[in-house]
A.B. asks: 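Here you go, one structure.
In the text below, chain A, chain B and the rest are named by the order of the sequence lines, each starting its count at 1.
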Amino acid sequence: MYRLFCTFLVMLLLPLACFAVKTQEFRLQNGLKLIVRVDKRAPVVLFSTWYKVGGSYEQNGITGVSHLLEHLMFKGTEKYGPGIFNEKIANLGGVQNAMTSLDYTMYYQILSSNHLATSLELEADRMRNLLLKPSQFVTEKKVVMEERRMRIDDNPQGLLWERFNAAAFINSPYHHPVVGWMTDLQHMTLKDAQDWYTEWYAPNNAIIVVVGNVDPDHVYALTQRYFGILKPSHLKVLKPRTEERSVGERKVVVNVPAKLPMLLLGYNAPSLATAKTVADKNEVYALRVAAYILGSGQSSLLAKELVRQQALAISTYASYDLFRLHQSIFYIGAVPVKSVSINRLKSAILKKIADLKKSPLPERDLARVKAKLVADRIYKRDSLFRQAMDLGVPEVIGLSWRDSDHYIASINKVTAKEVQAAAIKYLTTNRLTIGELMPQRRNSEKKS
Amino acid sequence: MKFTARLICVFSVLTLACQSLFAANGPAAPFVDVQSWTKENGAKIYFVERRSLPMVDIAVLFPAGAVYDGKHQGIAYLTNAILNEGAGKFNANKLADQFAEVGAVYACNIDRDNSIFTLRTLSDEKSLNASLSTFATVLTMPTFPIDAIARVKKEMDAAYRSELQDPSSIATNALYKAIYRHFPYGHNVLGTHDSRSKITRDDLLQFYKNHYTSNHAIVIIVGDVSKEKAKAIGKHITDFLPKNAALAPLHLPTMEHSKKEIHINYPSLQTTIMMGQVGISRKDKALFPLLVGNAVLGGLPLSSQLFVHVREKNGLAYYASSQFNLLKYDGPFIVSLQTRADNATKALSLVNSVVGDFLKNGPTEKQLALAKQNLVGRFPLEIATNASILSFIASTSSSVDPAAYLNEYVDHISSVTVSEVKSAFQKKVKLNQMVTVTVGPES
């Protein structure tokens, strides 16, 4: 059965050669990197600008500044006043958004491809010419605080994730939330944002990723035209933020008004950026396979056994993000069935982890992971956004856009014994943090 | 997707998409070649051939949404969720494995009108045949296992409790209940614990036989197959569905006569505000003036009147928007926002005045032109991918002919005038008949 399966997988890969995608890389003299992927299925293009700055670049006292700056980037430049950016894109029928993550801040527009130049002009303009006015700063700070309240303070699960990460990461800058601690937001000044902008928003700290119905040489010419005149900055060299080794299990409890308990487990583990040798990287891929098998979809081990067979969990989740600048974490989450205690659920999960270490998984479990990735590689191409993420994320953490493809090839090579070995090495009690959301009975008054 | 899959929010403390969700003055309106046919068994098939990627997306819709719950509130949801818990000779684990082995993705979704099942699969013969076979088995040979029914009921209990810790859900549920007091859009799609506990396996079988019939099925196929293959897919999926049950007709809901305010105490830092009333369906004669007008008022993600006044100028909220939810039997018009609790009165007053001004004066010519430009300019984006085409057809096909709607959309939007918008809004939206729900600390 497995051999038939392997042949089948090989057969799947062959046609992919005919659908090979064209991706090109360029670099401007000022250090700006441009990556262009051609996708001619529709007359549209996604233009994205990535800055290598995010939550993980911040320190206590100034957390949330990258995200606040992202909001402020829409407040106008010398040339285009507040709201003009949004209006211009809206008037062209464009769709746009921006996101701040741990390791990057990214801005993108999706437009008809004949309007590409507008994106370039606007992004080049605000890369260097942002105008930060006190009244706008005050207003946008308020908006960000509302966002924090919506996502975290009034959201029990959001609070759990926040406090969990704070416990799981000892000294790593992944410890604090990207939106920032409320006290830091309250005390953020315009100067903080201005300094951050001047420090990090520079062509040599940025990458442009374009996916769509374009000609790469034409995009290069446009980029040269709009961004070429921008001068590079002398970039601060960040001190390493190497996470201390874990020496024991950690636990965090969140007691807030809520209706559903929730359990989170996390094991500190390397990322592709922190795994230096080929052997280290192979371990990372093997651990990633473990996360897929445990938590990915309805055929995952946790869904099959904890949700359906043992009826202990309402839902289960596992993830492990390899594409991080600093050391990462292997997450497992679950919501218990009403009559089941958190402890019982935790024991069941830990038992599944112990099973992973005890004996190698059957080949068919790995085969499913591989089939998923092979298929997903095609499905991704139905989305400009997903392609842009695949190209941009590795780049901003110091790897290459090609690593998204290497990822699939590497996962395909992982063996059951390697998964077992990675589980033994990394899914250990010393590396473990446990988070519990314990619903508190509501009082009629909210305490601040 | 099953609500349970959403219960663990993959929480983006890590990544914040900051501007709100979304959400060319170019060549002639793009055209999508939507082929369609009606099978002998009554099923309607819509097919868009797209060969550029070796994948296929299939959606199957049944008029089996919560509006048909009757006295068994929650039965529509439960039926939708139970199909892949056991079908043919396979249990849930085996069905899941069969999809996974070929990298296929199965999903089930329910709303107030429709029960929707989707399949995403590679188009090579082996993958397509395997995933299609499993998909058809799930839809046509469900076994409704007793233990799975009990388990899914518990999942619905948990989903219900999850809503109780989310101010937005609390507000939405209260709003629907108040707007649709005498119409079956009003109840929670999950039902209540009591109503769920009374649903028997026989009830589920009966609901399935009445609603999952070939003569009411809509099948949408987008991707890398020939028309011949698409016909075969339509046949494979619908031939063994139950047949020919008549659906009880529903009378349209009516508006409440007077304004209503409902406050629900909740210990949050923000107050969630939702204002609403009975709206329209996609069949409404004034559909396009209302859609374009709404874009100006509160639909355009970053440049609507509500966004500009509530967020940009006053920093009162992270989002503020308005929307017509185009359900088949006149879904609601809803204005919504969340603001710091001590700003709630101020925000509500501001929203009322923005809406009031809009009703009185309509949009300006410039505002209308820009909204039309946006909607028309965006259209190519909305039909750029297989997924977006599938979604467009799925959201329209139960009310209107999707091919005509899709290909006439740009013309309809472009021809809307200021006076049409003003008159349509004045006729339809009544501030003095709206329900306002606030969820937050006691004011």
Side-chain angles (χ1 to χ4, degrees), chain A residues 15 41-44 67 70-71 83 86-87 90-93 95 97-102 110 112 114-115 139 142-143 146-147 149-150 153-154 156-158 161-162 177-179 257-260 298-299 304 308 311 314-315 317 333 335 337 368 371-372 374-375 378-379 381-383 442 446, chain B residues 4-5 7-9 11 13-19 22-24 26 52-55 92-93 96-97 100-103 120 122 124 126 151 154-155 157-158 161-162 164-165 167 267-270 300 302-303 311-312 315 317-318 338 340 370 373-374 376-378 380-381 384-387 441:
Chain A
R41 293 191 311 137
V44 294
H67 171 241
E70 183 231 294
H71 273 245
N86 290 346
E87 255 183 54
N91 296 346
L92 295 175
V95 163
N97 214 331
M99 47 212 264
T100 310
S101 188
L102 289 167
I110 305 179
S112 291
N114 55 326
H115 294 307
T139 308
K142 283 191 205 162
V143 172
E146 290 314 309
E147 189 181 347
R149 286 184 189 105
M150 182 185 90
D153 301 309
D154 287 348
Q157 289 192 349
W161 278 100
E162 178 186 76
V178 172
V179 74
K259 296 288 180 186
L260 279 184
Q298 288 300 312
S299 61
K304 280 182 178 163
R308 292 195 284 269
I314 293 291
S315 57
Y317 162 83
V335 173
V337 166
R368 276 198 302 272
K372 173 191 157 73
V374 165
I378 297 293
Y379 302 152
R381 299 208 3 241
D382 192 48
S383 163
R442 260 203 272 147
K446 163 82 179 158
Chain B
T4 54
L7 278 182
I8 296 184
C9 64
F11 183 67
V13 187
L14 315 171
T15 302
L16 296 162
C18 288
Q19 302 295 314
F22 55 88
S52 48
L53 287 175
M55 56 187 273
N93 286 353
D97 280 350
E101 276 157 16
V102 291
R120 170 164 268 199
L122 296 175
D124 65 276
K126 180 141 190 201
R151 213 194 76 231
K154 285 198 185 140
E155 287 173 4
D157 280 343
R161 277 181 287 141
S162 173
L164 292 177
Q165 68 187 27
S268 49
L269 297 177
Q270 289 192 316
L300 288 175
L302 304 168
S303 48
R311 176 169 152 168
E312 286 293 284
Y318 174 66
Q338 283 178 314
R340 208 177 71 204
L370 293 177
Q373 218 176 300
N374 174 275
V376 168
R378 266 174 77 147
L381 276 61
T385 65
N386 293 3

A.B. asks: Roughly how far, to the nearest 0.5 Å, is the CD atom of B/Gln270 from the CD atom of A/Glu147?
C.D. replies: 10.0 Å

A.B. asks: For the residue pair A/Thr139 and B/Arg311, what are the closest heavy atoms and their distance?
C.D. replies: CG2-O, 3.9 Å

A.B. asks: Nearest 0.5 Å, what's the CD1-CG distance between A/Ile314 and B/Asp157?
C.D. replies: 7.5 Å

A.B. asks: Can you see which heavy atom on A/Arg41 is nearest to which on B/Ala384, and at what distance?
C.D. replies: NH2-O, 4.2 Å

A.B. asks: Say you draw a straight line from CD of B/Gln373 to CG of A/Leu92; how long is it, rounded to the nearest 0.5 Å?
C.D. replies: 7.0 Å

A.B. asks: Could you tell me whether the side chain of B/Asn386 and the main chain of A/Asp382 form a donor-acceptor pair under 3.5 Å?
C.D. replies: no

A.B. asks: Considering all heavy atoms of both residues, which atom of B/Pro380 and which atom of A/Ser112 are nearest to each other, and what is their separation?
C.D. replies: CG-OG, 4.0 Å

A.B. asks: Say you draw a straight line from OG of B/Ser162 to CD of A/Gln157; how long is it, rounded to the nearest 0.5 Å?
C.D. replies: 6.0 Å

A.B. asks: Would a 4.5 Å heavy-atom cut-off, applied to side chains only, mark A/Lys304 and B/Asp97 as touching?
C.D. replies: yes

A.B. asks: Does A/Tyr379 use its side chain to pair, donor to acceptor, with the backbone of B/Met55 at less than 3.5 Å?
C.D. replies: no

A.B. asks: For chain A, which of B/Ser303, B/Gly103, B/Ala387, B/Pro167 has the most heavy-atom pairs under 4.5 Å?
C.D. replies: B/Gly103

A.B. asks: Which pair of non-hydrogen atoms, one from A/Lys259 and one from B/Gln165, has the smallest distance, and what is that distance?
C.D. replies: N-OE1, 2.7 Å

A.B. asks: Counting only N and O atoms by type, is there a donor-acceptor contact under 3.5 Å from the side chain of A/Glu146 to the main-chain atoms of B/Ala317?
C.D. replies: no

A.B. asks: Which heavy atom of B/Leu53 sits nearest to which heavy atom of A/Ile378, and what is that distance?
C.D. replies: CD1-O, 4.2 Å

A.B. asks: Just wondering, do B/Glu312 and A/Val143 contact through their side chains at under 4.5 Å, heavy atoms?
C.D. replies: no

A.B. asks: Just so I understand: if I count every heavy-atom pair under 4.5 Å between each of A/Ser383, A/Ser299, A/Ala311 and chain B, which residue has the most?
C.D. replies: A/Ser299

A.B. asks: Roughly how far apart are A/Asn91 CG and B/Leu300 CG, rounded to 0.5 Å?
C.D. replies: 9.0 Å

